[in-house]
Protein chains: 2
Amino acid sequence: MTARDEPVIGREGARPKGVARRLEILDRAIEVFRERGADGTSLRRIAEAIGVSHAALLHYFDSREQLLVAVYAHAEAQRAASECTTPPTGIDVMVTAAIANVEVPGLVQLYTTLVAASLESQSEVGKAFFTARFERVRGQLTEDLRAAQQAGTVRDDLPAEHLAALIVAASDGLQVQWLLEPSVGLEETLRTLGELLKPH
Amino acid sequence: MTARDEPVIGREGARPKGVARRLEILDRAIEVFRERGADGTSLRRIAEAIGVSHAALLHYFDSREQLLVAVYAHAEAQRAASECTTPPTGIDVMVTAAIANVEVPGLVQLYTTLVAASLESQSEVGKAFFTARFERVRGQLTEDLRAAQQAGTVRDDLPAEHLAALIVAASDGLQVQWLLEPSVGLEETLRTLGELLKPH
DNA sequence: GTCTATACTTTGATAGAC
DNA sequence: GTCTATCAAAGTATAGAC
């Protein structure tokens with residue numbers, strides 16, 4: 001996935017100038033999250049850190065949730081773009097992604113918060129974004145796993161779709177457990193999942 | 001786990017009468033969640049549904065988060081108490097628990113929201129509750145798995161602690177994926193995880 | 001001990017001026 | 001395109017009635 005594929009979250013009919021300013025705001029917002037985490041991320045605090053009014057942010061994003069989703073999507077796209085070489089096996093992708101996520105605690109916190117918010121019935125953008133994201137990640141992982149099954153590196157007696165969903169779920173869930181209790185051992189536990197997937 | 005073991009979330013020095021009223025409030029709050037989900041669960045809405053002022057709720061609970069954590073803890077304890085017979089194998093426990101959870105969407109939503117909130121640095125009660133809960137569930141599951149490993153029903157070439165953390169993470173993560181996209185197949189995927197755990 | 005009334009502060013969101 | 005002004009709602013805290 002390259003940055004070119006990044007879906008534009010927010011105003012659809014944005015002008016080029018507006019798009020540039022939007023990206024500028026997103027970049028600065030990501031910096032804010034990296035520095036201070038995802039704790040006091042009200043519209044006013046973000047706006048203050050960027051140097052504009054909170055109403056200005058709502059000029060580019062229809063709601064606070066839309067801004068936060070755009071921030072997460074942008075950060076994810078940036079990280080994906082920085083990885084030029086895509087590792088072959090699916091489990092390694094998730095391991096390295098989880099490790100990279102956890103090195104920026106604010107992002108995991110933001111991700112978890114947004115996923116939880118997307119479960120609420122009011123959430124429109126969040127539900128759409130994460131539904132699509134889960135489907136995309138599971139789909140990609142399923143392909144990788146199927147190839148690995150044919151190559152003989154992953155056991156082929158279980159459906160790849162299930163394994164893909166399990167990997168995503170385990171990765172998400174372990175990151176949360178690790179944030180609450182670092183002794184869980186994120187990397188080792190994910191590698192144990194990798195062992196589980198190997199053929200007999 | 002019986003209801004007797006339920007930790008008292010909230011005021012420590014509560015009198016018997018206060019405890020009774022507290023439980024009454026919790027019972028009614030759970031009803032509210034069952035009926036309307038966890039969408040518009042502000043203190044004022046909950047209070048209105050119960051028939052008291054929102055300030056009255058804060059007489060029994062120090063904060064909104066404390067009330068919500070108590071609601072979840074109470075609902076979990078109720079459900080645990082209703083299961084008299086504890087299934088032997090660890091994976092089945094998680095499967096049935098996940099199925100039961102998902103039948104009350106509001107509870108999963110509440111759980112996910114509270115876990116996300118507990119990651120914030122301000123969260124005190126939430127962080128304490130979920131850290132303890134994860135440790136307790138992982139510990140119990142680790143014991144079950146170790147017994148199953150010695151009985152030969154679970155492969156013993158991988159550490160039980162890792163498997164326990166994986167089961168919890170997969171269960172939590174899959175419930176979220178299922179809520180966003182029911183076609184994921186919560187039960188089947190969890191049973192596939194059970195297959196992964198079987199010895200060669 | 002229990003609860004209502006009330007006020008304070010912050011929040012997301014909107015409207016309109018420049 | 002950006003701001004100020006303003007609003008309604010929310011969490012929180014206090015005072016006092018019973």
Side-chain angles (χ1 to χ4, degrees), chain A residues 9-26 28-29 32 36 38-71 110 113-114 116-118 120-126, chain B residues 8-29 32 36 38-71 110 113-114 116-118 120-126:
Chain A
I9 309 287
R11 293 274 169 80
E12 296 88 30
R15 293 284 174 283
K17 177 119 183 216
V19 170
R21 182 76 175 113
R22 257 181 68 101
L23 286 179
E24 196 179 325
I25 289 179
L26 282 183
R28 302 209 54 173
V32 174
R36 332 210 288 227
D39 265 26
T41 55
S42 69
L43 277 179
R44 282 173 171 83
R45 298 248 251 198
I46 299 175
E48 184 188 14
I50 292 182
V52 294
S53 73
H54 72 282
L57 295 184
L58 291 177
H59 177 72
Y60 294 96
F61 304 91
D62 290 340
S63 69
R64 174 179 181 264
E65 189 194 19
Q66 194 175 76
L67 167 63
L68 294 185
V69 169
V71 165
L110 176 61
T113 303
L114 289 177
S118 75
E120 307 217 354
S121 62
Q122 303 110 314
S123 169
E124 196 61 42
V125 276
Chain B
V8 174
I9 308 287
R11 293 275 169 82
E12 295 90 30
R15 292 286 174 281
K17 176 119 183 217
V19 170
R21 183 70 175 119
R22 258 181 67 102
L23 287 179
E24 196 179 324
I25 289 179
L26 282 183
D27 282 333
R28 302 209 55 174
V32 174
R36 333 209 289 226
D39 266 26
T41 55
S42 68
L43 273 181
R44 284 172 169 83
R45 298 246 253 200
I46 298 174
E48 184 187 15
I50 291 181
V52 294
S53 72
H54 68 281
L57 295 184
L58 291 178
H59 178 72
Y60 297 96
F61 305 91
D62 289 339
S63 69
R64 174 179 181 267
E65 190 194 19
Q66 194 174 77
L67 166 64
L68 294 185
V69 169
V71 166
L110 177 61
T113 303
L114 288 178
S118 75
E120 307 216 354
S121 62
Q122 303 110 315
S123 169
E124 195 63 41
V125 275

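Here is the naming used below: chain letters follow the sequence lines, and residue numbers restart at 1 for every chain. Just so we're clear, the structure is a prediction, and the values are computed from it rather than from any experiment.
In this structure, the separation between OH on B/Tyr60 and CG on B/Leu67 is 12.5 Å, given to the nearest 0.5 Å.
Taking side-chain N and O atoms only, B/Ser53 has no distance below 4.0 Å to OP1 or OP2 of C/dC3.
Rounded to an integer number of Å, the gap from CG of B/Leu57 to C1' of C/dG1 is 16 Å. Computed from coordinates, the B/Gln122 CD to C/dT10 P distance equals 14 Å when rounded to whole Å. Rounding to whole angstrom units, CZ of residue A/Phe61 and C1' of C/dG12 are separated by 16 Å. To the nearest angstrom, P of C/dT4 lies 10 Å from OH of B/Tyr60. Rounding to whole angstrom units, NE2 of residue B/His59 and P of D/dG16 are separated by 17 Å. Following rounding to the nearest Å, A/Glu124 (CD) and C/dG12 (C1') show an atom-to-atom distance of 18 Å. Atoms CD1 (A/Ile46) and P (C/dA13) sit 12 Å apart, rounded to a whole Å. Following rounding to the nearest Å, A/Glu24 (CD) and D/dG1 (C1') show an atom-to-atom distance of 13 Å.
Taking the side chain to side chain donor-acceptor pair (under 3.5 Å) definition, one finds that A/Thr41 meets it with A/Arg64, sequence neighbours left out. By the side chain to side chain contact (heavy atoms under 4.5 Å, CB included) test, B/Asp27 is found to be paired with B/His74, B/Gln78, residues two or more places apart in sequence or in another chain being considered. Under the salt bridge (Lys or Arg N to Asp or Glu O under 4.0 Å) criterion, A/Glu24 pairs with A/Arg21, not counting sequence neighbours. Residues satisfying the side chain to side chain donor-acceptor pair (under 3.5 Å) criterion with B/Glu120, sequence neighbours excluded, are absent altogether.
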Kindly give the atom pairs (protein nitrogen or oxygen, nucleotide nitrogen or oxygen) under 3.5 Å for nucleotides 5-11 of chain D.
{"unit_1": "D/dG11", "atom_1": "OP1", "unit_2": "B/Arg64", "atom_2": "NE", "d": "2.6"}
{"unit_1": "D/dG11", "atom_1": "OP2", "unit_2": "B/Leu43", "atom_2": "N", "d": "2.9"}
{"unit_1": "D/dG11", "atom_1": "N7", "unit_2": "B/Arg44", "atom_2": "NH1", "d": "2.5"}
{"unit_1": "D/dG11", "atom_1": "O6", "unit_2": "B/Arg44", "atom_2": "NH2", "d": "2.9"}

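In terms of position on DNA chain C, the residue among B/Gly51 and A/Glu65 whose nearest nucleotide sits closer to the 5' end is B/Gly51.
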Run the side-chain donor-acceptor check on residues 46-55 of chain B: report pairs under 3.5 Å with partners two or more places apart or on a different chain.
{"unit_1": "B/Ser53", "atom_1": "OG", "unit_2": "B/Ala56", "atom_2": "N", "d": "3.3"}

